Amino acid sequence: AGRISREARHERPVCAHALIYKRSSSGRALNKTRIVHANILYDNAKREENPNRHYANNKIKTTKYTVLSFLPKNLFEQFHRFANVYFVFIALLNFVPVVNAFQPELALAPVVFILSVTAIKDLWEDYRRHRSDKEINHMDCLVYSRAERRYVEKYWKEVRVGDFIRLRCNEILPADVLLLSSSDPDRLCHIETATLDGETNLKQRQVVRSFYELDCDFDPLKYSSIIECEKPNNDLNRFRGYIIHRSGRRDALYKENLLLRGCTIRNTEEAVGIVIYAGHETKAMLNNNGPRYKRSKLERQMNVDVFWCVIILLVMCLFAAVGHGLWMFQYGDKRPVFDVLSPEGTDLSPIMSAIYLFLTMIIVFQVLIPISLFVSIEIVKICQVYFIHQDMDLYDEETDSHLQCRALNITEDLGQMQYIFSDKTGTLTENKMVFRRCTVAGVEYSHDANARRLAMYQEMDSEEEECTSHGGTLPRRDSVASHQSARVVVRSHSTKSHRRTGSRAEAKRASILSKHTAFSSPMEKDITPDPQLLDKVNECSSQMDFMRFHSQPMSQLPSDLSDIIDFFIALTICNTVVVSSPNQPRHKVKLTSAESIRTLILVQLHLEGVLHSSSSLITSRSSTKGCSSVLSSPSAESTLTKLDEEKPPGSHDHSFSPVPPCYDGKVWALEEGELRYEAESPDEAALVYAARAYKCSLVGRLPDQVTVELPHLGKLNFELLHTLGFDSTRKRMSVVVRHPLTDQITVYTKGADSVIMDLIKPPDTGKRQKKVVCRTQNYLNLYAADGLRTLCIAKKILSKQEYACWLQRHLEAETAIQGREQLLFESALRLETNLQLLGATGIEDRLQDGVPETVASLRKAGLQIWVLTGDKQETAVNIAYACKLLDPEEEILTLNADSQEACALLLEESLHYIQLYPSSSSSSSSSHTTPFMVHRLGLVIDGRTLAYALDRSLEDKFLAIARSCRSVLCCRSTPLQKSMVVKLVRNKLKVMTLAIGDGANDVSMIQVADVGVGISGQEGMQAVMASDFALPRFQYLQKLLLVHGHWCYSRLANMILYFFYKNAVTLIFWYQFYCGFSGSAMIDQWYLIFFNLMFSAFPQLITGTLDKGVSAETLQQLPQLYVNGQNSEEYKPYMFWMNMIDAFYQSLICFFIPYFAYADSDVDLFTWGTPITTLALFTILLHLGIETKTWTWLNWLSITFSIALFFTVALCYNASCPTCYSPSNPYWTMQRLLQDPLYYLLCVITPLAALLPRYFYRACQGTLFPSPVQVGRQLDKLPAETRRNILSLSRVKVGSPINTKPPFLSLGSNKKDQRSFPSSKTSQAKQGPVLQTDEESPVQPTDSEKAAYRHSTAGLPGNFSFLIYGTLLIL
């Protein structure tokens, strides 16, 4: 009755399609759904009669401009930058006769040049997009034609919503298509989504339910259904709707029925579908948001200084205006003979003259605002990104991938990071899940042979350290008291000294063997079974075969054996693994023509960056409830009627295959070598391979059944009723099947132990179940202490009444359009209760190569590293020890609370404990806020406590505790909590943050941080597509930050300061004192306009791109040099003012030395002004030479070119333009000067006098008060052997903090102040260890090291040796 009433509510009128269309085209329905009809029904109708006419066509256009809109639209975009508006205003102001200072046309030249360069760049980029669009739009596909009654070739751009498309193997989908037919006998279509999410494993899509049972080929002419679905959206993991047939039947549509544009058809000869979304309405195109714009910290500082330049400009103009007014006022009624009348022929009052002059001086002094600064910065950043891409040290040969820079405007932020937030799985670890051990029915199977197999991979790769067994486990928190206590655990030295690293040799072999299949390396596949467990599996299967043969009920099977076989059945079928059959290997792309290959590559490249900043990634399967991962089997709707049918006894035997139930080892070997598993996650693959090792093989998967082969039993077909997919909220996955042996409806569930153990049926009914739960929990704790990832396996048997009751509400949830995810989520929660625990697995995730060294190096660089992971607390802690995030000498502060009040108490006690804790390090605040003490403490907090701690009332206390610890480890954290933690630290502490991760659950954290880094690992490309930078491995982060980050920051900081200095050399200002502040200039206006734009522009671009203060080798050997960028040592506010003062001084020298040299002479104005321009150019270029650290031939060439360009332009201009600047005459000025010895004398004396103070300051500072970076620069000048010997004496302890202030030479040693402290309330264990105070004495070298040092520095000046040795010891 319930089913009938439900169908009656959703029934549609079936007499006419127009009636349905009319209903959905009015009111609220039109805004929420889309109605799709078949176009072949309207081939002969007028276009306005086609109901699909309002939908977008399939022609894509990613260009921003057209021929007509380019100029106005591009100018409009450029005027969004305030500087461009300012310069256009200045140029237009020069057209006003009463205030103009230069020829109006000439004054337009700089701003037109800058706007033109930017416009040409934008035009070229848009033209490239246009070419790409054109090639994609002209690709071919097969579209059904009613007139010709066959499929005809059409361009992609000609496809419309409602068209029927035939798809062939290896063909790329031109639009979002609803799958209606497939040549696959199981009505499946396999697709590869690598161009969308980077995942290379195949995914199954299934034909719409109502078309699944068609016996003949699909005929478009017989199609008469209507599709109602949701509006176009960018969520790749969701599709909701239903198809309405003429009979009135309505079938739900899911994302499993939709083929997305850009995917590739695999393993399917032919498929047919109807276009649902086309062109820019496809999900792929809706995610194409283009590159994200972030403002760097340096740019924000620069904008403040630009504002100060404006203030200086206004002050200078005001000073000149007041001076001019006073100068005019002194004449009184007697006007000077050179006074210019107003346009009306009347005299101007002094006040009006001052006002006009104020505007004139704004034009004259416009050079104070660097017009070319912004364009120069863009050019330099593009060049920096190019050189970062060319760094072969950041290329990973195994994965054939290199660093990607997806945000061009924040490269300098890489050199100023202060906090790093990292994921664990796949980021610090390989994400190669290897089955390690398991417990079934309370019995633990250690798999020692498998452990020895894994050890062999490390031996083959000559790993220095081996995995050793270790003791000491963290007890499970199973009481309220332990939840409400903060534990301080002292870790012994011997706990975790080994490295969980994978074998590079193994990875190379795997890349050859596995080809396209993910998670299929030999290390992951070739599981060595435990002999004891294997015997039990064989015994259980043998007994079941005997009972089946004698028609005995399976309930007579002993409980321990029953749990074992159910355990492995759950491992085999509770997943979404796709099986490639032995006779149908994965198709390879077979394109015959070069044009076809080029076209395929073009499409893949076009779609490769489609999800750059996809908002749908945040709502992907790992960060939302349900998220349409709760799937339904095609047989679900018909299950209700099946429940009412009573099967005769023994009728279940048909579920067995006709093959005799025997086991042949040769057959198994053949299957093992040929079956290919396509898993969506490494966990799933590891468990399926583990089950296969025990002869429980997954041999086939269809939408409504799973085929499993068991020893002695042969192939069993499990009817798959429902699949309740994994999501980050439930943290588990379930399948509902009909068991072929017992005919019972069984639920198999696997998931995180933290949730499964809470869903276990209370063990009140029997002592055995209670013992199994208790023992399993103990083994889970041991697995976690060993750093293994744990999963629990459980089952539940449903009666027909229970299943029917649940199914009714579940079908209602399935057919809902609004709120379907929430309803399906609640339906899954109702099913997954009162489970029976079967066992648990321990899976090892090995550390990536170089992770411990990278973590240690980054911590030496002053970076605070927080690890945010969803793993179990004990697992995360042990991995943290392995990667050296936690130090065995540190005390661990563990915060676990089960209520907000308990959390508040814990935080209060911990804060009090830290205040009493003796400091063991210096002030380690690398921000500009109040300094704080970092102690030798590690903080571990679980997800529940973190949720309480992030409350507004407790977040400040939590932050005070966390920032005082050297390491922070957040366990069981959700994607939302990860982003909240990053946002809290960034906003509260005002520090620069970097987030790094590899999965979709890290996307929100990556997007919140100042710099987001994605790892192109095993979990697809979601993190990469949302990131600013993408790395193949975590270890490359060290060079990216310590080397390229340092270089990019130092180059840009110095270039910006140099720009401000260069433009502040205002020579005209001093001339105003001699011309009555009239705004006149002694320099030709051509020189004034093009001085900063051409003559002095090129050298600074070369220096900003290539300059290296310290070599890459030294920067990596001395990570402490990175603090230079953290504290903004290269660009502090006082440096801007020092450069301004220096510029004013140099302008004084460049003005007055020629002034006095030509005093009382008869030279004309330009003969005096042209040498001043020459001297200013020489001074500015020599100033750049002083600031340049690395000289290359390009530096010399750029300086030579600038000087040659100036003299060439001057000679040509002075020879060919006698009347260009009437009434003055610049004719032959430069030619006469080049014949005057005084001119050459001025060119030598003036730059030396102007630069002497800066040179003296640099010399004294570098000799007497060297910064660590300057010492590193001196080290680079030494021979390699000498440098190595000196660095060996600097013994910087791993993880030791560094002072934020650059240390001065101090070789005096302080005795270690060792003291102990009493145990506080928060310490449950014992008295704290003896710790050193802030000021630790430097490690003294041995006699042999001193001798090597004296030998290596023989011949060097004594002070220099003392300088390097002392400074490095301080470091």
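Since the structure is predicted, the reported quantities are computational estimates derived from the model, not experimental observations.
Remark: His190 NE2 to Arg205 CZ distance equals 11.0 Å, nearest 0.5 Å. Note that CZ of Phe218 and CG of Leu180 are 4.5 Å apart. Values are rounded to the nearest 0.5 Å. One finds the CG atom of Leu167 at 10.0 Å from the OG atom of Ser182 (value rounded to the nearest 0.5 Å). To the nearest 0.5 Å, atom CD1 of residue Ile227 and atom OG1 of residue Thr33 are 12.5 Å apart.
Ion pairing between a basic and an acidic side chain is recognised when a charged N comes within 4.0 Å of a carboxylate O; Glu171 and Arg168 show such pairing. Using a 4.0 Å cut-off between charged side-chain N and carboxylate O, Arg238 and Glu230 make a salt bridge. Ion pairing between Arg249 and Asp251 holds under the 4.0 Å rule for side-chain N and carboxylate O.
Between Asn257 and Ala252, the closest heavy-atom pair is OD1-O, 4.2 Å. Across all their heavy atoms, Ser1004 and Pro975 have their closest contact at OG-O, 3.2 Å. Counting all heavy atoms, side chain and backbone alike, Ile276 lies closest to Val161 at O-CG1, 3.5 Å.
Phe1029 pairs by the ring-ring contact (aromatic ring centres under 6.0 Å, His included) definition with nothing, not counting sequence neighbours.
Enclosure of atom NZ in Lys983 is not indicated, since only 12 or fewer non-hydrogen atoms of other residues, nucleotides or ligands lie within 6.0 angstrom. Residue Tyr151 places its OH atom among more than 12 non-hydrogen atoms of other residues, nucleotides or ligands, all under 6.0 Å distant. In the displayed structure, Lys134 atom NZ is contacted under 6.0 Å by at most 12 heavy atoms of other residues, nucleotides or ligands.
If you check the side chains of Ser224 and His245, you find no donor sitting under 3.5 Å from an acceptor. Side-chain N/O atoms of Asn39 and Arg53 include no donor and acceptor closer than 3.5 Å. Between the side chains of Asn50 and Arg160, not a single donor N or O lies within less than 3.5 Å of an accepting N or O. For the residue pair Tyr65 and Asn74, a side-chain donor N or O sits within less than 3.5 Å of a side-chain acceptor on the partner. A donor-acceptor pair shorter than 3.5 Å can be found between the side chains of Asp133 and Thr62.
With a 4.5 Å cut-off on side-chain heavy atoms, Leu260 and Leu173 do not count as touching. Looking at heavy atoms from C-beta onward, Val177 lies out of side-chain contact with Ile274 at the 4.5 angstrom threshold. Using a 4.5 Å cut-off on side-chain heavy atoms (C-beta onward), Ser1027 and Val1013 make no contact. You'll find the side chain of Glu192 stays beyond 4.5 Å of the side chain of Lys203, heavy atoms only. Under the 4.5 Å side-chain criterion, counting only non-hydrogen atoms from C-beta, Ser979 is in contact with Val1008. For the pair His810/Gln808, no side-chain contact is recorded, criterion being any heavy-atom separation below 4.5 Å from C-beta on. Annotation: side chain of Arg809 is not in contact with side chain of Glu826 (no heavy-atom distance under 4.5 Å). When side chains are defined from C-beta on, Asn267 does not count as touching Cys169, because their heavy atoms never get closer than 4.5 Å.
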| task | Would you please test Ile40 and Tyr144 for side-chain contact (heavy atoms from CB on, under 4.5 Å) and show each step? | result | CA-CA 8 Å; Ile40 58 174; Tyr144 188 81; 4.0 Å; yes
| field | side-chain contact (heavy atoms from CB on, under 4.5 Å) assessment of Val152 paired with Leu142 | value | CA-CA 5 Å; Val152 298; Leu142 291 175; over 6 Å; no
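Residues Tyr254 and Phe239 place their aromatic rings such that the two centres sit no closer than 6.0 Å. The six-membered or imidazole ring of Phe164 lies near that of Tyr223, with a centre-to-centre distance under 6.0 Å.
For the side chain to side chain donor-acceptor pair (under 3.5 Å) test with Asn233, the passing option among Glu281, Lys283, Arg240 is Lys283; the others fail.
Side chain of Arg732 to backbone of Arg730: a donor-acceptor contact under 3.5 angstrom is found. Side chain of Asp184 to backbone of Cys189: no donor-acceptor contact under 3.5 angstrom is found. Looking at Asn137, its side chain does come within 3.5 Å of a backbone N or O of Ile60 through a donor-acceptor pair. Remark: side-chain polar atoms of Thr268 are paired, donor with acceptor, to backbone N or O of Arg266 under 3.5 angstrom. Looking at Asn58, its side chain does come within 3.5 Å of a backbone N or O of Trp156 through a donor-acceptor pair. Between the side chain of Asp126 and the backbone N or O of Lys64 there is at least one donor-acceptor pair closer than 3.5 Å.
Within the structure, salt bridge (charged side-chain N to carboxylate O under 4.0 Å, His left out) pairs that include any residue of residues 139-151 comprise Glu148-Arg150 (at least two apart or interchain).
Arg261 forms no cation-pi arrangement with Tyr277, by the criterion of a distance under 6.0 Å to the ring centre and an angle within 45° of the ring axis.
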